[in-house]
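Presented below is the structure to which this report refers.
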There are 2 protein chains.
Amino acid sequence: MPRNDKKMKNSQLYKGSLNTIIMKLLEENGKMYGYEITQKVKAITQGELNITEGALYPALHKLEAEGLLDVEIEKVDNRMRKYYKLTEKGTTETVNRLSELEDFIRNMQSLVNPKLEF
Amino acid sequence: MPRNDKKMKNSQLYKGSLNTIIMKLLEENGKMYGYEITQKVKAITQGELNITEGALYPALHKLEAEGLLDVEIEKVDNRMRKYYKLTEKGTTETVNRLSELEDFIRNMQSLVNPKLEF
DNA sequence: AGTTATGTATAAGAATCTTATGTATATTTG
DNA sequence: CAAATATACATAAGATTCTTATACATAACT
């Protein structure tokens, strides 16, 4: 009963990156459901990043409301799953977001590792 | 009179990274004042990241309140400058923050560029 | 004389996230 | 078999960080 889950301690740095992560995973995997996304992220980052439901589900709903995702409900093993996939608009937008992410990472590296400027 | 400044359009991705940026710049430059930080960041990122005063000054005040920064006021050219520098605690914490940033960047790259996993 | 640059500051509101719940079924474990 | 864990979605309250809009003040440029 005690929802005693592991305290996450995700660095503040991840703030703002959730939408990009979701969209990239969907671009790569075609369709995914929420819980699957949390597990995938945990696996890829070797447990370093745990998406919380309180962040994930509102984010999915918002992306859907913005027309970037489509949803499709399935019942598997008597349990509900909501599969999300990118719309056409979402696919286009994903390209932009990934480009922004590259710029962001490049800029952060310039700020933090000025010796590497060339 | 109209503070008609350029609209910044900073990507959401930068959210959460300002403290790390400030601390790294101070570690590198010894002491800096707020306006100087905004100009330095703009220069290093070639105009791509513009720190707004509304974000910067509260962040500096908070870091000071947390004991990570010390402040020293100077009057230059009849204008006030508040120079900030890392405290001992701040220097230690900067190491942690930079380490977190490296982890963050590595994790984001794993998520976004899965082919590079090895 | 008016705009831009330099310099700091705060308040209102937006956006995103954490934490804490709530509901429900399936599976594993003591 | 009862309890805990895993699977699965959802929302609300509050924290944090940021944008936007001001405010004040001096210096320099046009």
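So that the names make sense, note that chain A is the first sequence line, chain B the second, and so on, each numbered from 1.
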Among [options], which is the nearest nucleotide to the side chain of [X]?
X       : options               : value
B:Met80 : C:dT8, C:dT16, D:dC9  : C:dT8
A:Tyr35 : D:dT19, C:dT10, D:dA6 : D:dA6
B:Tyr84 : C:dA9, C:dC17, D:dC9  : C:dA9
B:Asp77 : D:dC9, D:dT19, D:dA27 : D:dA27

May I ask you to say whether [X] pairs ionically with [Y], meaning some side-chain N is under 4.0 Å from a carboxylate O?
X        : Y        : answer
A:Glu36  : A:Lys40  : no
A:Glu93  : A:Arg97  : yes
A:Arg106 : A:Glu102 : no
B:Glu48  : B:Lys42  : no

Spacing of [X] atom [atom1] relative to [N] atom [atom2], expressed in whole Å:
X       : N      : atom1 : atom2 : result
B:Ile37 : C:dT8  : CD1   : C1'   : 12 Å
B:Ile73 : C:dG7  : CD1   : C1'   : 12 Å
A:Glu53 : C:dT16 : CD    : C1'   : 16 Å
B:Leu56 : C:dT6  : CG    : C1'   : 14 Å
B:Asn50 : D:dC18 : CG    : P     : 15 Å
B:Lys82 : C:dG7  : NZ    : C1'   : 11 Å
B:Tyr14 : D:dT17 : OH    : C1'   : 16 Å
B:Ile51 : D:dT17 : CD1   : C1'   : 12 Å

Legend entry - Residue mapping more 5' on DNA chain C - nearest nucleotide basis, A:Ser17 or B:His61: B:His61
Inset, instruction - For B:Lys15 and for B:Gly54, locate the closest nucleotide of DNA chain C by heavy-atom distance; then report the residue assigned to the nucleotide nearer the 5' terminus. - result: B:Gly54
Please tell me if [X] has a side-chain N or O lying less than 4.0 Å from either OP1 or OP2 of [N].
X       : N      : value
A:Gln12 : C:dC17 : no
A:Asn78 : C:dA26 : yes
B:Lys62 : D:dT16 : no
B:Arg79 : C:dG7  : yes
A:Tyr57 : D:dA10 : no
B:Tyr33 : C:dG7  : yes
B:Lys75 : D:dT26 : no

Legend entry - Flag for A:Glu100-B:Ser11: side-chain donor and acceptor within less than 3.5 Å: yes
Inset, instruction - Establish, from distance only, whether the side-chain atoms of B:Asn107 and A:Tyr14 form a donor-acceptor pair under 3.5 Å. - result: yes
Legend entry - Pairwise 5' ranking along DNA chain D for A:Gly34 and B:Gly16, keeping only the more 5' one: A:Gly34
Inset, instruction - Please give the angle, rounded to 10 degrees, between the axes at the start and the end of the helix from C:dA1-D:dT30 to C:dG30-D:dC1, where five pairs define each axis. - result: 20°
Legend entry - Residue that, paired with B:Tyr33, satisfies side chain to side chain donor-acceptor pair (under 3.5 Å) out of B:Arg81, B:Lys82, B:Glu74: B:Arg81
Legend entry - Side-chain donor/acceptor of A:Thr87 to backbone N/O of A:Gly67, under 3.5 Å: yes
